[in-house]
Amino acid sequence: QPQLVESGGGLVQAGGSLRLSCAASGRTFSSYAMGWFRQAPGNEREFVAAMHWGDGSTSYADSVKGRFIISRDNAKNTVYLQMNSLRPEDTAVYYCAARRAGAVRTAAREYDVWGQGTQVTVSS
């Protein structure tokens, strides 16, 4: 059974940085698309960034372009989300997700496996 475990969340001041990690296990993810989503209280889960594990193609939400970077470490079977220039509106629970079909997608319903989430809080 594939599993995803996020880590790296926390409290940071506006303008600061955090790096989230998503450790993948239980199968080979080289053909998967990996996504990061976030959900703030009262809001729907929204797309943040995604990457195809195999070819490295990426996609970003407009709200994070130029500030967040998604990357992977094949040896560690881990996907990262480097978040820079954080803003209070980035506060949310961040989830890692995997999509078996492989192509990068931005809709949460397209993803098959989810982690438990990690809280990111940005203070003003």
- For V104 and S59, which heavy atoms make the closest approach, and how far apart are they? CG1-CB, 3.7 Å
- Identify the two heavy atoms, one from L11 and one from S123, that lie closest to each other, and give their separation to 0.1 Å. CD1-CB, 4.3 Å
- Item | Test item: V122 and E89 side chains (from C-beta on) under 4.5 Å apart, heavy atoms | no
- Same hydrophobic cluster for I69 and Y80, using side-chain heavy-atom links shorter than 4.5 Å among ILVMFWY? no
- Query: Where do L18 and L86 come nearest, in terms of heavy atoms and distance?
  - Reply: N-CD1, 3.9 Å
- Item | Distance-only side-chain donor-acceptor flag, R38 / Y94, under 3.5 Å | yes
- In this structure, which one of E44, E46, R45 forms a side-chain hydrogen bond (donor to acceptor under 3.5 Å, both in side chains) with Q39? R45
- Item | Derivation of the side chain to side chain contact (heavy atoms under 4.5 Å, CB included) call for Q82 and F68 | CA-CA 5 Å; Q82 177 67 42; F68 291 10; over 6 Å; no
- Task: Over 60° means perpendicular and under 30° means parallel, so classify the ring planes of F37 and W114, tilted if in between.
- Result: tilted
- Query: Quick one: does N77's side chain have a donor or acceptor within less than 3.5 Å of a partner on A24's backbone?
  - Reply: yes
- Working to the nearest 0.5 Å, report the span between OG of S17 and CZ of R19. 12.0 Å
- Message: So which atom in T58 and which in G56 form the shortest heavy-atom distance, rounded to 0.1 Å?
- Response: CG2-O, 3.4 Å
- Take D112 and R99, measure what side chain to side chain contact (heavy atoms under 4.5 Å, CB included) needs, and give me the verdict at the end. CA-CA 5 Å; D112 311 290; R99 182 173 189 267; 4.3 Å; yes
- Message: Does any part of the side chain of V79, heavy atoms only, come nearer than 4.5 Å to the side chain of F29, both counted from C-beta?
- Response: no
- Item | Minimal non-hydrogen separation, G9 against V120, with atom names | CA-CG2, 4.1 Å
- Item | Rounded distance [0.5 Å steps], CG in D90 versus OG in S63 | 7.0 Å
- Query: What is the minimum heavy-atom distance between G117 and V93, and which atoms define it?
  - Reply: CA-CG1, 3.9 Å
- Run the salt bridge (Lys or Arg N to Asp or Glu O under 4.0 Å) check on K65 and D62 step by step: do they pass? CA-CA 5 Å; K65 277 181 184 175; D62 288 343; 3.2 Å; yes
- Task: Flag yes if V64 and M34 sit in one hydrophobic cluster, no otherwise; membership is Ile, Leu, Val, Met, Phe, Trp, Tyr, and two members link when side-chain heavy atoms are under 4.5 Å apart.
- Result: yes
- Query: Donor-acceptor pair, Y111 side chain versus W36 backbone, under 3.5 Å?
  - Reply: no
- Going from CD on Q119 to CD on E6, what distance comes out if it is rounded to the nearest 0.5 angstrom? 12.0 Å
- Any V5 side-chain heavy atom under 4.5 Å of Q116 side chain: yes
- Item | Verdict with reasoning, M83 to L20, per side chain to side chain contact (heavy atoms under 4.5 Å, CB included) | CA-CA 8 Å; M83 306 186 295; L20 305 184; 3.8 Å; yes
- Item | Connected via hydrophobic side-chain network under 4.5 Å: L4 and F47 | no
- Can any side-chain N or O of Q3 pair as donor or acceptor with the backbone N or O of G26 at less than 3.5 Å? no
- Message: Can you confirm whether R72 sits close enough to M51 that some side-chain heavy atom of one is under 4.5 Å from a side-chain heavy atom of the other?
- Response: yes
- Message: Set out, in order, the CA-CA distance, both residues' side-chain angles and the distance that settles side chain to side chain contact (heavy atoms under 4.5 Å, CB included) for Y95 and V48, then state yes or no.
- Response: CA-CA 10 Å; Y95 297 90; V48 176; over 6 Å; no
